[in-house]
Amino acid sequence: MTIRVIIVDDQAMVRAGFAALLSAQADIDVVGEAADGRQGVLVSRTVHPDVVLMDVRMPELDGLSAARELLDPPPGVVHRPKVLMLTTFDIDDYVYEALRAGASGFLLKDAPPADLIAAVRVVSSGEALLAPSVTRRLIADFVRQRPAPRKDPALRLNGLTPRETEVLELIARGLSNQEIAAHLVLAEQTVKTHIGRVLGKLDLRDRAQAVIFAYEAGLVRPGDSA
């Protein structure tokens, strides 16, 4: 199945470069572009992409606000694309807030071309782009600096089984499904089942929100390692 992508960035050369790179892939189709967040929201609701590449800093409507509009649409708007944030810096308040809003991850603009292609495929498949250590560090840094306003997240852990809690903790520590399976001596499919139940019980969108939730609930703390 072809992955439909739109690119939202205020720099025309960036949009053109990303479009050329992604369009050259047999499984990716660039179906639209926008120069600011407001236009990006309109284009997304018109062409219904699978993935939106969203720059963080733009005029009219910044990437964070645009991501919130796409991921928490008004009544009557059904389509919710996956959002992959693009940033020039790996320390950016907007990136953390975008992850909390439901974005599926972020990518540095100067990342190698292969990383951009892989990121689109990963996000499209429903996974969060959390493998790079810089992402885990970013989340940990901002949770440490500014405790999130989420209401009583620790209480919501009570709805999880001990195994599900253990899986959530390992997700937050940055382990992949394969690594969690090895750590707990489980089949990888069983791990996927546990993750699905964790997301469902906690009403979380994906692994990105699961990581943030685990920090906010105090299940893991910045600096912890698996």
Side-chain angles (χ1 to χ4, degrees), residues 56 63-65 67-68 70-72 80 82-85 87 89-108 119 122-123 125-226:
V56 168
L64 172 59
S65 298
R68 283 176 174 155
L70 291 176
L71 297 169
D72 187 19
R80 290 201 304 173
K82 302 292 194 304
V83 176
L84 177 61
M85 304 301 296
T87 181
F89 308 101
D90 65 358
I91 302 177
D92 195 321
D93 297 40
Y94 284 169
V95 174
Y96 172 73
E97 295 298 337
L99 290 173
R100 290 193 69 245
S104 294
F106 84 98
L107 191 70
L108 297 179
V122 166
V123 168
S125 72
E127 292 292 326
L129 192 69
L130 287 175
S133 60
V134 65
T135 308
R136 296 195 295 273
R137 187 190 74 235
L138 181 89
I139 293 172
D141 284 348
F142 279 99
V143 171
R144 179 171 57 243
Q145 292 169 18
R146 292 176 314 198
R150 190 188 296 275
K151 198 172 188 180
D152 296 327
L155 295 178
R156 294 166 64 191
L157 288 173
N158 294 337
L160 302 182
T161 66
R163 178 64 85 190
E164 289 164 354
T165 302
E166 197 171 14
V167 168
L168 174 60
E169 179 181 348
L170 294 175
I171 291 173
R173 294 181 190 280
L175 273 66
S176 66
N177 288 1
Q178 186 175 13
E179 291 168 335
I180 293 173
H183 186 85
L184 298 178
V185 194
L186 297 172
E188 192 169 344
Q189 185 57 50
T190 302
V191 170
K192 291 180 180 179
T193 299
H194 284 310
I195 292 173
R197 289 173 179 163
V198 168
L199 298 181
K201 288 182 177 182
L202 298 178
D203 192 26
L204 301 174
R205 184 177 173 87
D206 56 24
R207 293 174 81 103
Q209 289 196 325
V211 171
I212 292 169
F213 180 91
Y215 276 105
E216 293 175 347
L219 186 61
V220 291
R221 304 200 178 274
D224 286 354
S225 59

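The figures here come from the full heavy-atom set of this structure, side chains too, leaving out hydrogens, waters and symmetry mates.
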Residue pair [X] / [Y]: nearest heavy atoms and the distance that separates them:
X	Y	result
Ile180	Val167	CD1-O, 4.3 Å
Leu71	Ala103	CD1-N, 3.3 Å
Ser104	Val123	CB-CG1, 3.7 Å
Met85	Ala67	SD-CB, 4.2 Å
Thr165	Leu157	OG1-O, 4.4 Å

Is any side-chain heavy atom of [X] less than 4.5 Å from a side-chain heavy atom of [Y]?
X	Y	answer
Val211	Ile171	yes
Thr190	Leu184	no
Leu170	Glu179	no

| message | According to side-chain contact (heavy atoms from CB on, under 4.5 Å), who are the partners of Glu164, at least two apart in sequence or on a separate chain? | response | Leu160, Thr161, His194, Arg197, Val198, Lys201

| For Leu199, all residues meeting side-chain contact (heavy atoms from CB on, under 4.5 Å), sequence neighbours excluded | Ile195, Leu204, Ala210

| Listed by chain and number, what are the salt bridge (charged side-chain N to carboxylate O under 4.0 Å, His left out) partners of Glu188, not counting sequence neighbours? | none

